[in-house]
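Data block below; observations after.
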Amino acid sequence: MRKILLLLIPFFFSCGGDAENTTNLERKVFHYMQHRSVTSLDPAFARSQANIWAIDHLYNGLVQLDDGLNIQPGIAKSWTISDDGLTYTFTLREDVFFHDNAAFPDGKGRRVKASDVAYSFERVWKGSINSPGSWIFNNRVTNDNPFQAPDDNTFILKLAKPFRPMLGILTMQYCSIVPKEAVEKYGADFRKNPVGTGAFKFKRWLENQSLFLIKNNNYFEKENGQQLPYLDGVRVSFVGDRKTAYLELIGGKTDFMSGLESSFVNELLSPQGELLSKQAEKLSFLKSPFLNSEYLGIKMNTDGNNPLSNKKIRQALNFGFDRAKMLRTMRNDVGKPANSGFTPIGLPSFSAESVKGYNFNPDKARQLLSEAGYPNGKGLPTIELLTTKDYEDLCTFISRQWEDLGIKTQIELEESATLRQKMSKGQAPFFRASWIADYPDAESFLTVFYGKNPAPPNYTQFKNTQFDALYEKALNENDDAKRYKLYQQMDAIIMEEAPVVFLFYDETAWFVKKGITGLSKNAINLLSLKRVKK
């Protein structure tokens, strides 16, 4: 089947469209693989990484993030926020057009208007499609007319209460702008007939096999006076086996691969996390902070018979293993030890100076065990740790170091879905988990411990009056510097109470074929291709 698909590529990129002025040999098509397939090209279902990356190629939102996670204009050229933090007023650009499509008169894409923004947001929030992104507006916007378009150039968002991270939420792909005409024309099939404003236009999607996009010659963004994008097209192949993706990259058949797997990681990276010299002639390795905190969660709402209900035991677990060695041994040094709170490196509020965490200190761990009444672990019951097969090796590494302290751990393997269900129902006293930011603000992580939140996100059932008061105060603080201080105070409480065992702050691992430029690293692991040259 793959040979047939390769033969079809010139056909897909020569059936009219935007690339008609170049020959097949001259066309610059960026090819990458995803190990999970796209399930929908409708932004209302931008839930998985595969969907998010594809939707980012095809659509734009009001605002967007730069590589430093700063909020920049998108379809909106400017905005203001009222003093009370409840009203966001956006002024739209006048040169943004939807892709040409049969949904429009004469097939010509029209200009984006403020009413399109209101329609797109309302559709995600309360539309009949039951978007998984509805939560971004639930309990945040007013129930009465929160999305307003007083004229074509002005969009107004009304909040029920101040929520400073709202601009960051609007950068999510759920908030991409769609035209009502296309949604109504295609109905349920809009998922495979996307019409956006993005740097690339839809050409063909062979589900579970490949996705083909072509250059949008009418795109509004420019770089140094030159219109974006530089590429003529994008091809995405869906291959479930990561080893196959690795072999295709090494063989020069693809331009990009994201992620690592034990079956080939040592063929690419040294134990210190550097690209091996034998690969350096063909590839570049891009590593950057990724807004993902890996941890072991502890259910706090337990009876006194559970040793983990004792804070000193929880602290001993945190002091009792070498995070740096774990990353070198298990992940070829991709990631950073989680020594400074639950909020990861990459967010502007992160501060290793303000939030002091746990380092590897077995003597301190033994002291805490003794103070808890279990000298050298004597009398301490075996602790059961639930995890999945993918993290068995990591959990085994940690448990062996705990054994040196006298802490015995029994690792129980669960299917991912089963483990999530147990975590949600409070049936997992000790479990491995991770938390990836939905938007670039520490609130996205600290909400995991807000006492009024259910599971998810509060899988540990953590409740702390001081923490909750700081959390609520931070949501009403419009001064970023003051809000970051509140975040750091909250993180310090989490470090002290230790409802989790902090493991590591994740990093992206991107491998790129030589000759590719303009691919930028970012902490939200978004593959933006509009500035890429090949």
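Closest non-hydrogen pair, Pro457 versus Trp435, comes out as CB-CH2, 3.4 Å. Heavy-atom minimum distance, Thr343 versus Ser349: CG2-OG, 4.2 Å. Thr197 and His99 get closest at one heavy-atom pair: C-NE2, 3.4 Å. Among all heavy-atom pairs drawn from Phe90 and Val63, the shortest one is CE2-CG1, 4.4 Å. Across every non-hydrogen atom of Tyr219 and Glu221, the tightest pair is OH-OE1, 2.5 Å. Shortest non-hydrogen contact noted between Ala54 and Leu41 is CB-CD2, 3.8 Å.
Between Phe290 and Ile524, every side-chain heavy-atom pair lies at or beyond the 4.5 Å cut-off. Within the 4.5 Å cutoff, side-chain heavy atoms of Leu527 are placed close to those of Tyr32. Taking the side chain as every heavy atom from C-beta outward, Phe220 and Gln227 never approach each other to under 4.5 Å. Proximity of Pro499 to Tyr459: side-chain heavy atoms (C-beta onward) are nowhere separated by under 4.5 Å. Here the side chains of Pro344 and Asn292 are not in contact, with every heavy-atom distance at 4.5 Å or above. Side-chain contact check for Phe200 versus Leu231: some heavy-atom pair is nearer than 4.5 Å. With a 4.5 Å cut-off on side-chain heavy atoms, Ser210 and Arg235 count as touching. Taking 4.5 Å as the limit, every side-chain heavy atom of Trp79 sits out of range of all side-chain heavy atoms of Leu62.
With a 6.0 Å radius and a threshold of 12 heavy atoms from other residues, nucleotides or ligands, Lys389 has its NZ atom at or below the threshold. Within a 6.0 Å radius of CZ in Arg110, more than 12 heavy atoms belonging to other residues, nucleotides or ligands are found. Under a cut-off of 6.0 angstrom, the local environment of NZ in Lys530 is crowded, with over 12 non-hydrogen atoms contributed by other residues, nucleotides or ligands. More than 12 non-hydrogen atoms from other residues, nucleotides or ligands lie less than 6.0 angstrom from NZ of Lys287. Other residues, nucleotides and ligands place no more than 12 heavy atoms under 6.0 Å from the CZ atom of Arg36.
For residues 488-503, the pairs satisfying salt bridge (charged side-chain N to carboxylate O under 4.0 Å, His left out) are Lys311-Glu496, Lys311-Glu497, with sequence neighbours left out. Within the structure, ring pair (Phe, Tyr, Trp, His ring centres under 6.0 Å) pairs that include any residue of residues 470-499 comprise Tyr450-Tyr471 (at least two apart or interchain). Residue pairs that meet the salt bridge (charged side-chain N to carboxylate O under 4.0 Å, His left out) test with at least one member in residues 163-177, sequence neighbours left out, are Arg164-Asp480. Note on residues 151-160: no pairs pass salt bridge (charged side-chain N to carboxylate O under 4.0 Å, His left out), not counting sequence neighbours. Residue pairs meeting the side chain to side chain donor-acceptor pair (under 3.5 Å) criterion with at least one member in residues 136-145, sequence neighbours excluded: Trp125-Asn138.
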Give every donor-acceptor pair under 3.5 Å between a side-chain atom in residues 65-75 and any protein atom, sequence neighbours left out.
unit_1, atom_1, unit_2, atom_2, d
Asp66, OD1, Gly68, N, 2.9
Asp66, OD1, Leu69, N, 3.1
Asp66, OD1, Asn70, N, 2.8
Asp66, OD1, Asn70, ND2, 3.4
Asp66, OD2, Asn70, ND2, 3.3
Asp66, OD2, Gln72, NE2, 3.0
Asp67, OD1, Ser520, OG, 3.0
Asp67, OD2, Ser520, OG, 3.2

Distance-only check: which donor-acceptor pairs under 3.5 Å involve side-chain atoms of residues 418-426, not counting sequence neighbours?
unit_1, atom_1, unit_2, atom_2, d
Lys422, NZ, Glu414, OE2, 2.7
Ser424, OG, Arg420, O, 3.0

Side-chain donor/acceptor pairs under 3.5 Å, residues 166-176, sequence neighbours excluded:
unit_1, atom_1, unit_2, atom_2, d
Thr171, OG1, Gly168, O, 2.5
Gln173, NE2, Asp56, OD1, 3.4
Ser176, OG, Gln173, O, 2.8

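Note that CD of Glu181 and CG of Asp116 are 7.0 Å apart. Values are rounded to the nearest 0.5 Å. Atom CZ of Phe212 sits about 8.5 Å away from atom CZ of Arg204, to the nearest 0.5 Å. Note that CH2 of Trp135 and CG of Asp438 are 3.5 Å apart. Values are rounded to the nearest 0.5 Å.
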From CA spacing to verdict: salt bridge (charged side-chain N to carboxylate O under 4.0 Å, His left out), Asp106, Lys108: CA-CA 5 Å; Asp106 301 322; Lys108 188 70 174 177; over 6 Å; no
Might you work through the side-chain hydrogen bond (donor to acceptor under 3.5 Å, both in side chains) test for Asn453 and Thr447, ending with a clear yes or no? CA-CA 7 Å; Asn453 281 340; Thr447 190; 2.8 Å; yes
With side-chain contact (heavy atoms from CB on, under 4.5 Å) as the criterion, how do Glu94 and Asn153 come out once you've worked through the C-alpha distance, each side chain's angles and the decisive distance to 0.1 Å? CA-CA 7 Å; Glu94 299 180 23; Asn153 300 329; 3.6 Å; yes
One pair to check against ring-ring contact (aromatic ring centres under 6.0 Å, His included): Phe504 and Tyr295. What are the steps and the verdict? CA-CA 7 Å; Phe504 62 92; Tyr295 67 98; over 10 Å; no
Carefully, step by step, assess Asp441 and Arg483 under the rule salt bridge (charged side-chain N to carboxylate O under 4.0 Å, His left out). CA-CA 11 Å; Asp441 191 280; Arg483 194 170 80 261; 3.1 Å; yes
Thr388 vs Asp390, side-chain hydrogen bond (donor to acceptor under 3.5 Å, both in side chains): CA-CA, chis, key distance, verdict: CA-CA 5 Å; Thr388 60; Asp390 290 343; 5.0 Å; no
Applying side-chain hydrogen bond (donor to acceptor under 3.5 Å, both in side chains), run through Asn318 and Arg323 and close with a yes or a no. CA-CA 10 Å; Asn318 271 290; Arg323 294 167 178 81; 3.2 Å; yes
Show, in sequence, the C-alpha distance, side-chain angles and deciding distance for Asp42 and Tyr186, and conclude whether the side-chain hydrogen bond (donor to acceptor under 3.5 Å, both in side chains) test is met. CA-CA 11 Å; Asp42 181 344; Tyr186 296 110; over 6 Å; no
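By the side-chain contact (heavy atoms from CB on, under 4.5 Å) test, Lys473 pairs with Leu486, sequence neighbours left out. With sequence neighbours left out, Arg314 forms a salt bridge (Lys or Arg N to Asp or Glu O under 4.0 Å) with no residue at all. Under the ring-ring contact (aromatic ring centres under 6.0 Å, His included) criterion, Trp510 pairs with Phe256, not counting sequence neighbours. With sequence neighbours excluded, the residues that form a side-chain contact (heavy atoms from CB on, under 4.5 Å) with Lys521 are Leu286, Ser288.
A donor atom on one side chain and an acceptor atom on the other are not found under 3.5 Å apart for Asp506 and Ser434.
Aromatic pair Phe147/Tyr119: centroids not less than 6.0 angstrom apart. Checked against the 6.0 Å centroid criterion, the rings of Phe155 and Phe121 qualify as a close aromatic pair.
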